[in-house]
Amino acid sequence: MPFIASLLRRVYLSLSELAWSALFILLVIHLAASYLLFMLAGEGDLVGNPIDFLYYYMVTSTTVGYGDLSPKSGLGRIIAVLVVLPGGIAIFTAVLGKLLTTIGTIWRNRMRGLGDYRERTGHIIVLGWQDGQTHQTLRLLHAERQADEPMSVLVAKDLAENPASDYADYIRTERLSDADALMRAGVAQARAIIARGANDDETLAAVLIAEDHAPNAHIVAYFADDRTAQMVKQLRPRVEAVGSLAEELLSRAARDPGSSEIAARLLSAASTDTAFSLPVPTLQRPLLYGDVFLSLKREHNVTLVGLLSQGITDLNCRDEVLMRGGETLYYISGMRLDPAAIAWARMGDVS
């Protein structure tokens, strides 16, 4: 028996190295050969109905063996023992092992940043990795992720495996400005891109490439040097350049105690008083900002704090300002509003 076990092991190893097409051809050959041998042995009950034979072959090869169909003659039983059983088991285990190996390879490749997410849509891409900051960014993005929103994709360099697999998928690259890596991250269909490289030069290069390949994505980039951030704002108005706010918060908190706490709560996804944005759809009729303010407060218990219109943000908007659609509202709330739940048509009328 050790000889037979060794032989089966060698057959299995040889089969597992075959391509899927070759394995399928071998299965068909073994199935047809078994059918012909049983026919020659006079096993009419097994080969009389091809469906019955296929059923017998599968339950035998998978070692289920219900016993409702079996060879009746001695020659038929010898064929089952020497041909059908060892060959079927070897092919079945090879298929199962190859399938598990393929699944494992796909999973390992994804963990190593070798996956491909170019078919993903409506997700957020994060460019660059800094241990504490980027992990926190991904955690916050994941905390606000909607049920139908795809997982974010991290694009980073010099990382052997995904450092935040609970919050994002991973694309490994040698540089953040690699167009191929961005394409594998699904940049063409991304809803937003966050860029924060090891330095401002790396961030700027990544932003320029992302802007060329992501025509519809909102791009946010962090720059340590405020002068670089201001330059990007002027030359690339589509990019929301963010600089450090530490100096502003320190000076404001010194004169107005508690200001830093307010800013932290407005920006934190874990806070019950967080700032959100709400795009205004095309309206059937113009609306007054004051009417929208009161309606949202009464019906949704949110507080409007500002309006973005034609590229200008007004955080102390007058009640009589007209809204026609296409603006962006900013509000404070414990949760993000569902745009579909806003009854714009029932809000105040303007004659």
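Side-chain atoms of Y56 and P71, non-hydrogen and from C-beta on, do get closer than 4.5 Å to each other. L337 has its side chain out of reach of F276: every pair of non-hydrogen atoms, C-beta onward, lies at least 4.5 Å apart. V155 is not listed as a side-chain neighbour of Y170, based on a closest heavy-atom distance of 4.5 Å or more.
The side-chain tip of R196 points at the ring of Y222 from less than 6.0 angstrom away and within 45° of straight on.
Between M231 and L204, the shortest heavy-atom distance links the atoms CE-CD2, 4.3 Å. When every heavy atom of A198 is checked against every heavy atom of Q130, the shortest pair comes out as N-NE2, 3.9 Å. Residues D169 and M151 share a closest heavy-atom pair of N-SD, 3.8 Å.
If you take CG on L208 and NE2 on H213, they are separated by 12.0 Å, rounding to the nearest 0.5 Å. To the nearest 0.5 Å, the span separating CG on D212 from OG on S177 amounts to 11.5 Å.
Remark: side-chain polar atoms of Y55 are not paired, donor with acceptor, to backbone N or O of L69 under 3.5 angstrom. S251 places a side-chain N or O within 3.5 Å of a backbone atom of E248 that can act as its donor or acceptor partner.
Sorted by first and then second residue, the side-chain hydrogen bond (donor to acceptor under 3.5 Å, both in side chains) pairs with a member in residues 198-207 read K157-E202; sequence neighbours excluded.
Applying side-chain contact (heavy atoms from CB on, under 4.5 Å) to L307 and the options T328, V321, V280 leaves one that passes, V321.
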Using the rule given for side chain to side chain donor-acceptor pair (under 3.5 Å), can you reason through R139 versus Q136, listing the C-alpha separation, both sets of side-chain angles and the distance that settles it, and then say yes or no? CA-CA 5 Å; R139 188 186 68 80; Q136 176 72 348; 3.0 Å; yes
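Ring planes of H135 and W129: perpendicular class, angle over 60° (limits at 30 and 60°).
Heavy-atom neighbours of D256 CG from other residues, nucleotides or ligands within 6.0 Å: above the threshold of 12.
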Sequence neighbours excluded and cut-off under 3.5 Å, please list the side-chain donor-acceptor pairs for residues 26-44, or say none.
{"unit_1": "H30", "atom_1": "ND1", "unit_2": "Y57", "atom_2": "OH", "d": "2.6"}
{"unit_1": "H30", "atom_1": "NE2", "unit_2": "V83", "atom_2": "O", "d": "2.9"}
{"unit_1": "S34", "atom_1": "OG", "unit_2": "H30", "atom_2": "O", "d": "2.8"}
{"unit_1": "Y35", "atom_1": "OH", "unit_2": "V47", "atom_2": "O", "d": "2.9"}
{"unit_1": "E43", "atom_1": "OE1", "unit_2": "K72", "atom_2": "N", "d": "3.0"}
{"unit_1": "E43", "atom_1": "OE2", "unit_2": "K72", "atom_2": "N", "d": "3.1"}
{"unit_1": "E43", "atom_1": "OE2", "unit_2": "S73", "atom_2": "N", "d": "2.8"}
{"unit_1": "E43", "atom_1": "OE2", "unit_2": "S73", "atom_2": "OG", "d": "2.6"}

